[in-house]
*Asks:* 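Below you will find the structure I want to go over with you.
No experiment lies behind these values; they were computed from the predicted model shown. Values reported hereafter were calculated over all heavy atoms of this structure, with side chains retained and with hydrogens, waters and symmetry mates removed.
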Amino acid sequence: MLQTAFHAWERRLASVTTDRVVRPFDWGLDWISTNGHSAMPPLQAMQEWVAHVMEDTDAFFTPPPTRDYSLSPRSSDGERLLTFPTALPTPHPANNTVSCRWFEARADASAPRAAVLVLPQWNADAEGHVGLCRLLNWSGMGALRLSLPYHDRRMPPELHRADYIVSANVARTVQVCRQAVLDARRAIAWLASEGYERIGILGSSLGSCLALLTTADEPLIRAEALNHISPYFADVVWRGLSTEHVRQGLEGHIDLPTLRALWKPISPRWYLDRLHDRRTLLVYARYDLTFPVDLSRDLVREFEERHVAHEFAVLPCGHYSTGKTPFKYLDGWILSRFLKKALIA
């Protein structure tokens, strides 16, 4: 009975969004280097590019350093804006300046300096996760909220949703998710340059996938809190409630096993062995239709079978309802408690 009720609620909450667009399928070869094999069939060119990426994912996800950071004066509510150039410029100028909202915690000489990079969910507006940032502040940690590529300040005029980070354009999806990881690593570098000794990362939904990819390559991260999880990027898009319109663009052009293989570089499943020296929290929702629950349980099982230390929590709600009272407070408490324990205690 509870499952039926929550699933109906999830569908009602999802139906509130009426501006989803089914965009045409595209291999996206203009977003990658085909290494001189431009005469290849598109699928073969993509397969070769993915194989090349997986040979050295460190290089794929490591940005060149920058000193071009700009921090605004403090606002009346204590917030500041951090901007810096992306490490992976795109054809859209608005998307090429990374924007982060900085919520600095009060100094406490008796505690280590701790900060958390926050990666919100897909299509989060500019206020998404701000309440969670303030909760992290209240727990003694600075919070740096990064706007994902093609979101809020970074959205070009032609878009009203962040369609270019998750779409039926296969290579663009990989490259824009890569851009998010490179941006996250530059944000982490800024926190370290500001003297933060203990750094964590928190990601929700799409942000949780990007947070795990960032942690796998960023040695400065001590702890990761992953909110809504899956081992595979493609399976969530193919089966999830929120991405039915993306699947409509994909169907008839590519099948799920092929898509899973081509989106391997942005799938958490392939990076778990790099997490043995980190603290990890895995959170999923029992009645989730956007990140199907069997996928979430598969990722927890992968952590267990690989003996990667972790904690996990199961929310008694769905994906969209995680943002509703009282579940948003439970979720925030679980996430902030873990990060406080991992970074400060």
*Asks:* With rounding to the nearest 0.5 angstrom, report the CZ to SG distance, F103 to C133.
*Replies:* 5.0 Å
*Asks:* Would you name the heavy atoms of M141 and S336 that are closest together and state the gap between them?
*Replies:* CE-O, 3.9 Å
*Asks:* Taking the side chain as everything from C-beta on, heavy atoms only, tell me whether L2 gets closer than 4.5 Å to T4.
*Replies:* no
*Asks:* Hey, what's the ring geometry for H92 with W31, parallel, tilted or perpendicular (30° and 60° as the breaks)?
*Replies:* parallel
*Asks:* Any chance you could measure S139, atom OG, to W333, atom CH2, to the nearest 0.5 Å?
*Replies:* 11.5 Å
*Asks:* Before giving the answer on side-chain contact (heavy atoms from CB on, under 4.5 Å), spell out for L275 and L212 the whole-Å C-alpha distance, their side-chain angles and the decisive distance to 0.1 Å.
*Replies:* CA-CA 9 Å; L275 304 176; L212 188 149; 4.0 Å; yes
*Asks:* Judged by modelled atom types alone, do D77 and S75 share a side-chain donor-acceptor pair under 3.5 Å?
*Replies:* yes
*Asks:* Should V176 and L29 be regarded as members of a common hydrophobic cluster, given that ILVMFWY residues are connected when their side-chain heavy atoms come within less than 4.5 Å of each other, either directly or indirectly?
*Replies:* yes
*Asks:* Taking the basic N atoms (NZ, or NE/NH1/NH2) and the acidic carboxylate oxygens, is any pair closer than 4.0 Å for R145 and E127?
*Replies:* no
*Asks:* So W238 and E251, do their side chains get closer than 4.5 Å, heavy atoms only?
*Replies:* yes
*Asks:* Please tell me whether E158 and Y164 have a donor and an acceptor in their side chains that are separated by less than 3.5 angstrom.
*Replies:* yes
*Asks:* Count I, L, V, M, F, W, Y as connected when their side-chain heavy atoms are under 4.5 Å apart, and connections chain through other members. Are V308 and I201 then in the same cluster?
*Replies:* yes
*Asks:* Go through the side-chain N and O atoms of S242 and Y320 and say whether any donor and acceptor fall under 3.5 Å apart.
*Replies:* yes
*Asks:* Would you compute the distance between atom CG of N227 and atom CD1 of I334 and round it to the nearest 0.5 angstrom?
*Replies:* 8.5 Å
*Asks:* Checking the side chain of S204 only, and the main-chain atoms of P120 only, is there a donor and an acceptor separated by less than 3.5 Å?
*Replies:* no
*Asks:* Indicate yes or no for a side-chain donor-acceptor contact from Y284 to the backbone of P292 under 3.5 Å, with no hydrogens or angles considered.
*Replies:* no
*Asks:* Is there a donor-acceptor pair closer than 3.5 Å between any side-chain N or O of E104 and the backbone N or O of G78?
*Replies:* no
*Asks:* Do the side chain of N95 and the main chain of P149 share a donor and acceptor less than 3.5 angstrom apart?
*Replies:* no
*Asks:* Look at the aromatic rings of F6 and Y287 and report parallel, tilted or perpendicular, splitting at 30° and 60°.
*Replies:* parallel
*Asks:* Hey, is the main chain of A126 close enough, under 3.5 Å, to the side chain of R101 for a donor-acceptor pair?
*Replies:* yes
*Asks:* So, for A285 and H319, which heavy atoms are closest and what is the spacing to 0.1 Å?
*Replies:* CB-N, 4.4 Å
*Asks:* Do any N or O atoms from the side chain of R172 and from the backbone of G28 form a donor-acceptor pair under 3.5 angstrom?
*Replies:* no
*Asks:* Within a strict 4.5 Å, meaning less than it, do heavy atoms of the T86 and L182 side chains meet?
*Replies:* no
*Asks:* What's the verdict on side-chain contact (heavy atoms from CB on, under 4.5 Å) for D294 and R239, showing C-alpha distance, side-chain angles and the deciding distance?
*Replies:* CA-CA 11 Å; D294 61 298; R239 296 174 50 196; 2.8 Å; yes
*Asks:* With a 4.5 Å cut-off on side-chain heavy atoms, are C100 and F84 touching?
*Replies:* yes
*Asks:* Looking only at heavy atoms, what is the nearest atom pair of P63 and A87, with distance?
*Replies:* CB-CB, 3.6 Å
*Asks:* Tell me whether the guanidinium CZ or amine NZ of R161 lies under 6.0 angstrom from the six-membered ring centre of W122 and within 45° of its axis.
*Replies:* yes
*Asks:* Are V300 and F303 close enough, and set up right, to give a side-chain contact (heavy atoms from CB on, under 4.5 Å), and what steps lead you there?
*Replies:* CA-CA 5 Å; V300 174; F303 269 79; 5.7 Å; no
*Asks:* Check for me, please, whether L250 and V21 land in the same ILVMFWY cluster - side-chain distances under 4.5 Å, paths through other members count.
*Replies:* no
*Asks:* We want to know whether R178 and Q175 form a side-chain donor-acceptor pair, criterion being a heavy-atom distance below 3.5 angstrom.
*Replies:* yes
*Asks:* For the pair R278 and E224, find out whether any cationic side-chain nitrogen is under 4.0 Å from an anionic carboxylate oxygen.
*Replies:* no
*Asks:* Around atom CZ of F312, are there more than 12 heavy atoms of other residues, nucleotides or ligands at under 6.0 Å?
*Replies:* no
*Asks:* Name the orientation class of the two ring planes belonging to F291 and H228 (parallel below 30°, tilted from 30 to 60°, perpendicular beyond 60°).
*Replies:* tilted
*Asks:* Closest approach of E10 and L241, non-hydrogen atoms and distance?
*Replies:* O-CD2, 3.8 Å
*Asks:* Roughly how far apart are R269 CZ and L295 CG, rounded to 0.5 Å?
*Replies:* 13.0 Å
*Asks:* Tell me whether R80 contacts the main-chain N or O of S72 through its side chain, where contact means a donor paired with an acceptor under 3.5 Å.
*Replies:* yes
*Asks:* Closer than 4.0 angstrom, basic N to acidic O: yes or no for D183 and R154?
*Replies:* yes
*Asks:* Would you say that Q47 contacts L262 through its side chain, given a criterion of any heavy-atom pair below 4.5 Å between the two side chains?
*Replies:* yes
*Asks:* With sequence neighbours excluded, what pairs up with A342 under the side chain to side chain contact (heavy atoms under 4.5 Å, CB included) test?
*Replies:* A223, R279, F338
*Asks:* Ring centroids only, cut at 6.0 angstrom: are F60 and W270 within range, meaning strictly under it?
*Replies:* no
*Asks:* Look at K341 together with E311 and state whether they make a salt bridge at an N to O cut-off of under 4.0 Å.
*Replies:* yes
*Asks:* If you measure from the Lys or Arg side-chain nitrogens to the Asp or Glu carboxylate oxygens, is any gap between D163 and R23 under 4.0 Å?
*Replies:* yes
*Asks:* Quick check: W190 with W102 (ring centres under 6.0 Å apart)?
*Replies:* yes
*Asks:* Taking only Lys NZ, Arg NE, NH1 and NH2, and the carboxylate oxygens of Asp or Glu, determine whether R274 and D58 approach each other closer than 4.0 Å.
*Replies:* yes
*Asks:* Sequence neighbours excluded, which residues qualify as side chain to side chain contact (heavy atoms under 4.5 Å, CB included) partners of R260?
*Replies:* Y232, A234, D235, L256
*Asks:* Run through L136, V130, L335, L144 and flag the one making a side-chain contact (heavy atoms from CB on, under 4.5 Å) with V118.
*Replies:* L136
*Asks:* Do T62 and R185 make a side-chain contact, defined as non-hydrogen atoms from C-beta onward lying under 4.5 Å apart?
*Replies:* yes
*Asks:* Going through the checks in order, is the side-chain contact (heavy atoms from CB on, under 4.5 Å) test met by V237 and R247?
*Replies:* CA-CA 7 Å; V237 172; R247 176 175 175 172; 5.6 Å; no
*Asks:* Is there side-chain contact between R186 and P64, with heavy atoms separated by less than 4.5 Å?
*Replies:* yes
*Asks:* Under the 3.5 angstrom rule, does the side chain of H52 hit a backbone N or O of V50 as a donor-acceptor pair?
*Replies:* no
*Asks:* Backbone N or O of G200 within a donor-acceptor pair of the R222 side chain at under 3.5 Å?
*Replies:* no
*Asks:* Which pair of non-hydrogen atoms, one from L343 and one from A114, has the smallest distance, and what is that distance?
*Replies:* CB-CB, 4.0 Å
*Asks:* To the nearest 0.5 Å, how far apart are CD1 in I221 and CD1 in I199?
*Replies:* 8.0 Å
*Asks:* Distance only, no hydrogens: is a donor on one side chain within 3.5 Å (strictly under) of an acceptor on the other, for S147 and D152?
*Replies:* yes
*Asks:* Could you tell me if the side chain of V98 sits less than 4.5 Å from the side chain of L82, heavy atoms only?
*Replies:* no
*Asks:* So, for L191 and A115, which heavy atoms are closest and what is the spacing to 0.1 Å?
*Replies:* CD2-CB, 3.9 Å
*Asks:* Between R113 and E194, is there a donor-acceptor pair closer than 3.5 Å when you use the side chain of the first and the backbone of the second?
*Replies:* yes
*Asks:* State the CG-CG distance between L81 and L71, to the nearest 0.5 angstrom.
*Replies:* 8.0 Å
